[in-house]
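These notes concern the structure reproduced below.
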Number of protein chains: 2
Amino acid sequence: MVELPPKRVPRVDCMDCRIRRLTTFREFSPTELAFVSDFKIGQLAVNAGSTVIGEGARNPHLFTVYEGWGFRYKILEDGRRQVLNYVLPGDLIGLQGMLMGEMQHSVEAITPMQFCVFERDKISTLYERHAGLAFDITWIAAQEERILDEHLLSIGRRSAMERAAYLLAFLSNRARESGLVNGGPITLMVTQQHVADTLGLSIVHTNKTLRKLADRGVIRWLERGCDVLDEAALCQIAGWRPANPRQRPFI
Amino acid sequence: MVELPPKRVPRVDCMDCRIRRLTTFREFSPTELAFVSDFKIGQLAVNAGSTVIGEGARNPHLFTVYEGWGFRYKILEDGRRQVLNYVLPGDLIGLQGMLMGEMQHSVEAITPMQFCVFERDKISTLYERHAGLAFDITWIAAQEERILDEHLLSIGRRSAMERAAYLLAFLSNRARESGLVNGGPITLMVTQQHVADTLGLSIVHTNKTLRKLADRGVIRWLERGCDVLDEAALCQIAGWRPANPRQRPFI
DNA sequence: CGGGCCCTTGAATTCTCTCAAACAATGTGG
DNA sequence: CCACATTGTTTGAGAGAATTCAAGGGCCCG
């Protein structure tokens with residue numbers, strides 16, 4: 001994958017933030033908005049396939065995804081890769097790196113992406129003067145933990161078919177909550193290799209499993225993505241029910 | 001497993017806290033200590049096998065493990081169980097329940113356990129008046145996330161033998177950091193069923209894998225536990241290296 | 001002393017992986 | 001504009017890994 005240099009893009013003012021307008025996300029108080037606006041130091045745009053943060057990076061910045069699809073992953077020394085989770089608009093990334101001093105995983109862009117970049121050194125001010133936002137960051141971390149718990153259950157105990165159905169239903173939900181839909185069927189921007197590396201399966205077996213789902217008419221596989229045609233069926237196959245959607249915080 | 005009622009035990013004063021004296025954990029400032037001491041509302045003791053918090057519990061309390069071994073898990077409708085992580089002295093549990101309003105996983109005691117119970121309603125005071133402690137709670141959540149990332153990598157991409165070695169090395173490390181050692185070999189308080197449900201393997205295959213490790217002299221399996229004889233060998237088999245031990249926060 | 005939990009082992013079956021090959025779509029350089 | 005490389009998807013076949021089924025022994029507790 002060729003890595004082009006980050007693109008120059010105009011900074012989005014927090015006042016005009018597209019994400020804030022989504023009903024999924026909760027509203028800031030005026031003082032919080034003022035602080036966050038000051039907390040943000042820039043806009044970052046990367047091409048599809050770029051590594052946004054690499055494992056081992058020291059003191060990386062703190063970002064919120066503004067646009068695009070990406071994923072977090074870890075690799076073993078011999079190259080085996082595990083996708084840990086996907087990152088969508090509104091997601092906070094780099095928290096581990098900021099707290100632990102070093103990133104323990106990498107983040108790669110699937111589509112072109114944009115991020116809001118925050119001033120690392122102001123995080124202590126945030127904790128001292130904006131308890132509400134501090135609480136939100138903890139909430140976000142706990143939420144990620146909850147999702148990882150579910151993935152662990154899925155990889156550890158579900159069959160290949162159930163796992164695939166779970167993942168697609170999960171992503172479908174995430175995409176909807178992140179405002180990545182526009183009426184028609186939800187399109188997930190992932191390749192079969194991503195799915196395989198998320199499910200802990202080989203690419204071949206993943207293909208055969210997805211084929212069965214497509215033959216049943218539950219999904220339609222595209223070049224580099226898939227349309228979810230029957231989300232309820234996916235949930236039913238997986239034996240999974242999404243958490244109640246509630247307004248969630250973001251920075 | 002018979003569930004006996006919680007035992008009455010004397011409350012441990014934060015001044016006398018055994019965990020605070022371990023070098024693994026960082027020291028409180030006097031004002032923090034005073035606050036935490038007030039934050040703590042009681043001591044809870046449970047028998048081995050008890051369910052400490054059940055999935056679906058509404059507004060559960062916030063606890064810190066004071067003594068004993070336990071584990072967090074989720075189950076599918078048909079009973080398949082996945083162990084998500086183990087809880088040892090110093091670990092905070094119930095954060096998800098407090099933030100999300102409902103527990104998404106259960107916690108069960110392996111050995112008899114004791115907990116410090118905290119006043120849920122004072123959490124907002126903690127965030128407003130003790131930014132340092134608030135930051136610590138976020139740190140703890142991010143740390144759990146990091147561990148889940150590693151487990152996910154392990155279950156998703158390591159072979160049965162590598163997975164087993166990783167888990168035992170991981171637990172060995174955790175036990176050492178939690179002050180559960182006294183000179184001799186580290187004894188992990190888990191059954192093969194726990195290991196199987198953590199690794200996402202069947203009990204039979206887990207047994208055969210552990211047998212190989214025991215035959216190699218890397219571990220010695222006991223009734224309801226195992227002695228780690230050669231931690232370095234486990235790390236080597238798993239291709240894993242523990243994170244640098246650093247002082248970590250706790251509440 | 002019976003029942004339950006834990007560990008152990010062998011055998012047959014099922015699931016998943018690796019290997020191999022092929023095709024379509026896209027992008028690149030000449 | 002075309003040859004060529006690359007990426008992503010698809011399929012079949014054989015090999016390997018892990019599961020289920022079955023059974024037995026040891027230990028503790030009521």
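Keep in mind that this is a model prediction, so the values were computed, not measured. Letters go in sequence order (proteins before strands), and every chain restarts at 1.
Of the residues near DNA chain C, B/Lys208 and B/Leu222, the one whose nearest nucleotide (by heavy atom distance) lies more toward the 5' end is B/Leu222. Sequence order on DNA chain D of the closest nucleotides to B/Ala160 and B/Glu223 puts B/Ala160 first from the 5' end.
Rounded to an integer number of Å, the gap from CD of A/Gln193 to P of C/dC17 is 12 Å. Spacing between atom CD of B/Glu162 and atom P of D/dA17 amounts to 12 Å, rounded to whole angstrom units. Here the C1' atom of nucleotide C/dC7 and the CZ atom of B/Arg220 are 16 Å apart, to the nearest Å. Here D/dT9 presents its C1' atom at 14 Å from NE2 of A/His194, a figure rounded to the nearest Å. If you take CH2 of A/Trp221 and P of D/dT11, they are 14 Å apart, rounded to a whole angstrom. As a whole-Å value, the separation of B/Lys212 NZ from D/dA18 C1' is 11 Å. Across the protein-nucleic acid pair, B/Met189 atom CE and C/dC6 atom P stand 12 Å apart, rounded to whole Å. Rounded to an integer number of Å, the gap from CZ of A/Arg158 to C1' of D/dA18 is 20 Å.
Within 4.0 Å of B/Ser202, counting heavy atoms only, lies at least one base atom of the nucleic acid. Residue contacts shown for A/Leu201 are limited to sugar-phosphate atoms, with no base heavy atom under 4.0 Å away.
Between B/Arg157 and B/Glu162, none of the side-chain N atoms (NZ, or NE/NH1/NH2) sits under 4.0 Å from a carboxylate O, so this pair counts as no salt bridge. Ion pairing between a basic and an acidic side chain is recognised when a charged N comes within 4.0 Å of a carboxylate O; B/Glu231 and B/Arg176 show such pairing.
Of the N and O atoms on the side chains of B/Gln104 and B/Glu55, not one donor lies less than 3.5 Å from an acceptor on the other residue. Using a 3.5 Å distance cut-off with no hydrogens or angles, the side chains of A/Gln82 and A/Asp197 do not pair a donor with an acceptor. Side-chain contact of A/His205 with A/Ser202: a donor-acceptor pair under 3.5 Å is absent, judged by distance alone.
Proximity of A/Arg211 to the phosphate of D/dT11: a side-chain N or O atom is located under 4.0 Å from OP1 or OP2. Residue B/Asn207 places none of its side-chain N or O atoms closer than 4.0 Å to OP1 or OP2 of C/dC7. Phosphate contact (OP1/OP2 of C/dC5, side-chain N/O of B/Gln192, threshold under 4.0 Å): absent.
The six-membered or imidazole ring of B/Tyr73 lies away from that of B/His105, with a centre-to-centre distance of 6.0 Å or more. The ring of A/His61 has its center no closer than 6.0 angstrom to the ring center of A/Phe115.
You'll find that the side chain of B/His205 is closest to D/dA18, out of D/dA18, C/dT16, D/dG12. Nearest nucleotide to the A/Arg224 side chain, out of D/dT7, C/dT16, C/dC7: D/dT7.
Within a heavy-atom distance below 4.0 Å of DNA chain D, no residue of residues 75-84 of chain A is found.
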